[in-house]
Enquirer: 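Before I ask anything, let me first share the structure, which is written out below as structure tokens.
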Amino acid sequence: MTQPRRPDPQPLKTNDTTTFVVGTALWAIALVVLLIIRPVHTWSIWTCVAGIGLGLFGVYYVHRRDSRRR
């Protein structure tokens, strides 16, 4: 039971800005679809609006974080 622990793997290098932009675009597409079909409940529309807002904040945050690392 006392086997030596393997070392942690190196972190992956990812493009976080692209991830946030794609996610925000998907929320925007969902919002357009919902505005076309006119759902009975408006909470789904507000969910998309919140997703877009948080996605834009994520793009801003990642951009600011990356500029400070340089």
Side-chain angles (χ1 to χ4, degrees):
M1 293 275 185
T2 59
Q3 297 175 354
R5 183 171 178 253
R6 289 191 284 173
D8 293 334
Q10 293 296 320
L12 296 175
K13 290 184 168 108
T14 60
N15 189 347
D16 298 330
T17 303
T18 304
T19 304
F20 278 105
V21 168
V22 169
T24 304
L26 290 174
W27 279 114
I29 291 169
L31 177 63
V32 169
V33 169
L34 286 173
L35 290 175
I36 291 172
I37 64 170
R38 295 281 192 194
V40 176
H41 303 288
T42 60
W43 63 264
S44 56
I45 292 174
W46 288 109
T47 301
C48 292
V49 171
I52 292 168
L54 289 172
L56 292 174
F57 174 75
V59 170
Y60 165 75
Y61 180 81
V62 168
H63 177 69
R64 196 175 115 223
R65 180 196 68 189
D66 290 345
S67 66
R68 287 186 178 189
R69 284 186 179 176
R70 292 184 196 141

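Quick note: residue numbers are just sequence positions, from 1.
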Enquirer: Quick one: pull up NE2 in His41 and CG in Leu34 and give me the separation to the nearest 0.5 Å.
Expert: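 The distance works out to 12.5 Å.
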Enquirer: Could you check whether any side-chain heavy atom of Val49 comes within less than 4.5 Å of a side-chain heavy atom of Trp46, counting everything from C-beta outward?
Expert: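 Yes, their side chains come closer than 4.5 Å.
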Enquirer: Could you tell me the separation between the OH atom of Tyr60 and the NE2 atom of His63, rounded to the nearest 0.5 Å?
Expert: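 One finds 9.0 Å between OH of Tyr60 and NE2 of His63.
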Enquirer: How long is the span from the CD1 atom in Ile36 to the CG atom in Leu31, to the nearest 0.5 Å?
Expert: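 Reported value, rounded in 0.5 Å steps: 10.0 Å.
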Enquirer: Grouping I, L, V, M, F, W and Y whenever their side-chain heavy atoms are under 4.5 Å apart, do Leu26 and Leu54 come out in a common cluster?
Expert: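 In one cluster with Leu26: Leu54, no.
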Enquirer: Find the distance between CG (Asp66) and CG (Asn15) and round it off to the nearest 0.5 Å.
Expert: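 Nearest 0.5 Å value for the CG-CG distance: 8.5 Å.
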Enquirer: Is the number of heavy atoms from other residues, nucleotides or ligands under 6.0 Å of Arg65 CZ greater than 12?
Expert: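 Yes, the 6.0 Å shell around CZ holds more than 12 heavy atoms from other groups.
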Enquirer: Side-chain heavy atoms nearer than 4.5 Å, only ILVMFWY residues, links allowed to pass through others: does that put Ile45 and Trp27 together?
Expert: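 Same cluster: Ile45 reaches Trp27 through Ile, Leu, Val, Met, Phe, Trp or Tyr contacts under 4.5 Å.
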Enquirer: So Thr19 and Thr14, do their side chains get closer than 4.5 Å, heavy atoms only?
Expert: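 Sidechains of Thr19 and Thr14: no contact.
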Enquirer: Hydrophobic clusters here meaning ILVMFWY residues chained together by side-chain heavy-atom distances under 4.5 Å, can you tell me if Val21 and Val62 are in one?
Expert: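 Cluster IDs for Val21 and Val62 match.
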